[in-house]
Asker: 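Structure below; questions to follow.
Counting begins at 1 with the first residue of the sequence.
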Amino acid sequence: GKGTGYALYCNKEAPLRAKVMVSHAWQENFVQFLETVEQSGLKGPFWVCAFSIYQNEDIENVTIQKQLGPSPSTGPFSTVLKQSDRMLAVMTNSC
């Protein structure tokens, strides 16, 4: 593991500010998820937890719990909600 979320890893030289926070269900079909985001007509950058939080749990000092922090009001979800322009709730046929 690299110890950073995929989105930040791909944009480490110039991190992007999320314009849209995307909420979705874990059990949904990924292709349907992508199609729904594309069909929304919204322009990114998008913040998706699965790509933004390092979730491998293979580095002791980079656990999900530590990344989320001690308080939801200062964690990554709250931070993104406060600074993004929109939130997209994805609903697909699979969930």
Asker: Please tell me if the side chains of Ile59 and Tyr54 come closer than 4.5 Å, counting only heavy atoms from C-beta onward.
Answerer: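 Yes. Closest side-chain heavy atoms under 4.5 Å.
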Asker: Could you tell me which residues satisfy side-chain hydrogen bond (donor to acceptor under 3.5 Å, both in side chains) with Asn29, sequence neighbours excluded, listed by chain and number?
Answerer: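 Per chain and number, Asn29 pairs via side-chain hydrogen bond (donor to acceptor under 3.5 Å, both in side chains) with no residue.
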Asker: State, with a plain yes or no, whether a side-chain heavy atom of Ser84 is found less than 4.5 Å away from one of Lys19.
Answerer: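 Of all side-chain heavy-atom pairs linking Lys19 with Ser84, none is under 4.5 Å.
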Asker: Could you tell me whether a side-chain N or O of Glu28 sits under 3.5 Å from a main-chain N or O of Met91, the two making a donor and an acceptor?
Answerer: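 Side chain of Glu28 to backbone of Met91, a donor-acceptor pair under 3.5 Å: no, none is there.
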Asker: Indicate if Val48 and Leu81 have the same hydrophobic cluster label, given that clusters are the connected sets of ILVMFWY residues with side-chain heavy-atom separations under 4.5 angstrom.
Answerer: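 No, separate clusters.
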Asker: Quick one: name the residues clustered hydrophobically with Val31, using the 4.5 Å side-chain heavy-atom rule over I, L, V, M, F, W, Y, and just say none if it's on its own.
Answerer: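 Its cluster mates, by chain and number: none.
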Asker: Treat each ILVMFWY residue as a node, draw an edge where side-chain heavy atoms are under 4.5 Å apart, and state whether Tyr6 and Ile53 are in one component.
Answerer: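 No, because Tyr6 and Ile53 fall into different hydrophobic clusters, even though each may have its own neighbours under 4.5 Å.
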Asker: For Ser73, is there any backbone N or O sitting under 3.5 Å from a side-chain donor or acceptor partner on Ser78?
Answerer: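 Side chain of Ser78 to backbone of Ser73: a pair is present.
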Asker: Between the main-chain N or O of Cys49 and the side-chain N or O of Gln55, is there a donor-acceptor pair closer than 3.5 Å?
Answerer: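 Checked: pair present.
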Asker: Does Phe51 belong to the same Ile/Leu/Val/Met/Phe/Trp/Tyr cluster as Val22, with side-chain heavy atoms less than 4.5 Å apart forming each link?
Answerer: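 Cluster IDs for Phe51 and Val22 match.
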Asker: Is there a path of hydrophobic side-chain contacts, each under 4.5 Å between heavy atoms, that joins Phe46 and Leu8?
Answerer: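 No, Phe46 does not connect to Leu8 through the hydrophobic network.
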Asker: Determine the sole option in Val80, Val37, Leu88, Asp85 for which the side-chain contact (heavy atoms from CB on, under 4.5 Å) test with Val20 is passed.
Answerer: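 Among Val80, Val37, Leu88, Asp85, the one meeting side-chain contact (heavy atoms from CB on, under 4.5 Å) with Val20 is Leu88.
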Asker: Please round to the nearest 0.5 Å and tell me the distance separating atom OG1 of Thr92 and atom CZ of Phe30.
Answerer: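 One gets 12.0 Å once the value is rounded to the nearest 0.5 Å.
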Asker: Between Thr4 and Lys12, is there a side-chain heavy-atom distance shorter than 4.5 Å?
Answerer: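 Lys12 does not reach Thr4 side chain to side chain.
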Asker: How are the rings of Phe33 and His24 set relative to one another: parallel (under 30°), tilted (30 to 60°) or perpendicular (over 60°)?
Answerer: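 Taking His24 first and then Phe33, their aromatic rings sit tilted (interplane angle of 30° to 60°).
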Asker: Grab the two heavy atoms, one from Leu16 and one from Pro45, that are nearest each other, plus how far apart they are.
Answerer: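 Minimum heavy-atom contact is CB-CG, 3.9 Å.
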Asker: For residues Met87 and Ser23, determine if any side-chain heavy atom of one lies less than 4.5 Å from a side-chain heavy atom of the other.
Answerer: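 A side-chain contact exists here, since the closest heavy-atom pair is under 4.5 Å.
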Asker: Give the minimum heavy-atom separation between Glu60 and Lys66, together with the two atoms involved.
Answerer: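 Scanning both residues, the minimum pair turns out to be O-NZ, 3.8 Å.
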Asker: Is the ring pair Trp47/Phe77 parallel, tilted or perpendicular, if the boundaries are 30 and 60 degrees?
Answerer: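 Answer is perpendicular, since the angle exceeds 60°.
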Asker: How long is the gap from CZ on Arg86 to NZ on Lys43, to the nearest 0.5 Å?
Answerer: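 Going from CZ on Arg86 over to NZ on Lys43, the span is 12.0 Å.
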Asker: Taking side chain as C-beta onward, heavy atoms only, is Gln83 less than 4.5 Å from Arg17?
Answerer: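 With C-beta onward as the side chain, the pair touches.
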Asker: Can you check whether Ser71's main-chain N or O pairs, donor with acceptor, with Thr74's side chain at less than 3.5 Å?
Answerer: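 Yes; at least one donor-acceptor contact below 3.5 Å.
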